[in-house]
Structures are given as C-alpha cells and as structure tokens.
Amino acid sequence: MDFFNFDGDLLLVFAFVIAIILIGNIFSVQRNRDRQKTIRELAASGKGLSPETIRALGLADTESGSGIGVGGAVLLGVAFGLVVLGQAIGYASGDDEVPVILAGVAAIPGAIGLVLIISRIFIRRDRNGD
C-alpha cells in the first residue's frame with residue numbers, strides 16, 4: 001500500500017476543495033456588496049423599504065432552520081453510504097474488520113447529522129413560540 005507515497009494528487013484534491021469554497025465566498029461577498037449598495041441608494045432617495053422590496057432583496061427572515069435540516073439529512077446520507085461501502089469492501093476482501101471500522105467512521109457524520117436535524121426541530125419550535 002502506497003499510502004504515504006505523496007505524489008501531489010492529494011494536494012490537488014484539497015486545493016480543488018479550497019478553490020470551490022473560495023469561489024463561493026467571493027460570489028457571496030459580491031452579492032452582499034451589491035445588496036448593500038441597493039439599500040444605500042434606496043435610503044439616499046428617501047424611499048422606504050416595503051415588504052415586497054425586502055423580500056426581493058433577500059432580507060426577509062430566513063432563519064427557519066431548513067438549511068440545518070438539509071445539512072443533517074446530507075450527513076446522514078454520507079454516514080449510510082460509508083456503512084454500505086464498508087460492507088461492500090468487507091464482502092469483497094473477506095475482511096471482517098473493515099465494516100466495523102467504516103461503521104465507526106460513519107458514526108461521526110451520522111451523529112453530527114442527527115444533532116443538526118434535532119436542532120432544526122428546536123429552532124422551529126422556538127420560532128413558533130412553543
């Protein structure tokens with residue numbers, strides 16, 4: 001196994017992930033900058049912000065917790081995929097320890113996913129005033 005033989009492929013994978021994150025953040029900053037410019041122009045003209053304008057600018061209350069729930073569901077899917085991968089590798093190699101190891105690895109995103117889904121439930125209850 002050439003796990004420790006570093007030929008740059010791993011660096012390219014991490015660089016690609018970092019590039020995706022940076023590009024997403026750059027576009028988010030640009031979108032927020034444009035939104036702030038629009039708000040300043042509206043304030044300078046003396047026009048008020050109607051509810052329709054607030055919704056159009058994306059300034060409406062978006063803290064519903066739905067993004068947290070989606071993230072939790074994705075992490076549960078990743079955990080399930082890791083368990084299935086462990087079973088497949090264990091079956092193909094005949095090694096009984098591989099499924100146990102990957103199930104342990106899958107417990108990490110699975111637990112985080114469960115916590116996110118549970119927190120979404122509490123956010124929804126808190127928003128409804130229960």
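Computed from heavy atoms alone, side chains included, the values below leave out hydrogens, waters and symmetry copies. The shown structure was predicted, so the numbers you read here are calculated from the model rather than taken from an experiment.
Annotation for L116 and G71: closest pair CD1-C, 4.1 Å, computed over non-hydrogen atoms.
The other members of the hydrophobic cluster of F80, by chain and number, are V84 (side-chain heavy atoms under 4.5 Å, ILVMFWY only). When hydrophobic side chains of Ile, Leu, Val, Met, Phe, Trp and Tyr are connected at separations under 4.5 Å, F27 ends up clustered with I23. L114 forms part of a hydrophobic cluster together with L76, I117, judged by ILVMFWY side-chain heavy-atom separations under 4.5 Å. Applying the under-4.5 Å side-chain rule to Ile, Leu, Val, Met, Phe, Trp and Tyr, the cluster around V83 consists of that residue alone.
Partners of E41 under the side-chain contact (heavy atoms from CB on, under 4.5 Å) rule, at least two apart in sequence or in another chain, are K37. Looking at residues two or more places apart in sequence or on another chain, you find a side-chain contact (heavy atoms from CB on, under 4.5 Å) between I21 and V17, N25. Partners of S28 by side-chain contact (heavy atoms from CB on, under 4.5 Å), not counting sequence neighbours, listed by chain and number: R31, N32.
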Solution key, residues 87-102 side-chain donor-acceptor pairs under 3.5 Å, sequence neighbours excluded:
residue : atom : partner : partner atom : Å
S93     : OG   : I89     : O            : 2.8
S93     : OG   : D95     : N            : 3.3
D95     : OD1  : E97     : N            : 3.1

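Under a hydrophobic clustering in which Ile, Leu, Val, Met, Phe, Trp and Tyr are joined whenever their side-chain heavy atoms come within less than 4.5 Å, directly or via other members, L75 and I108 fall into the same cluster.
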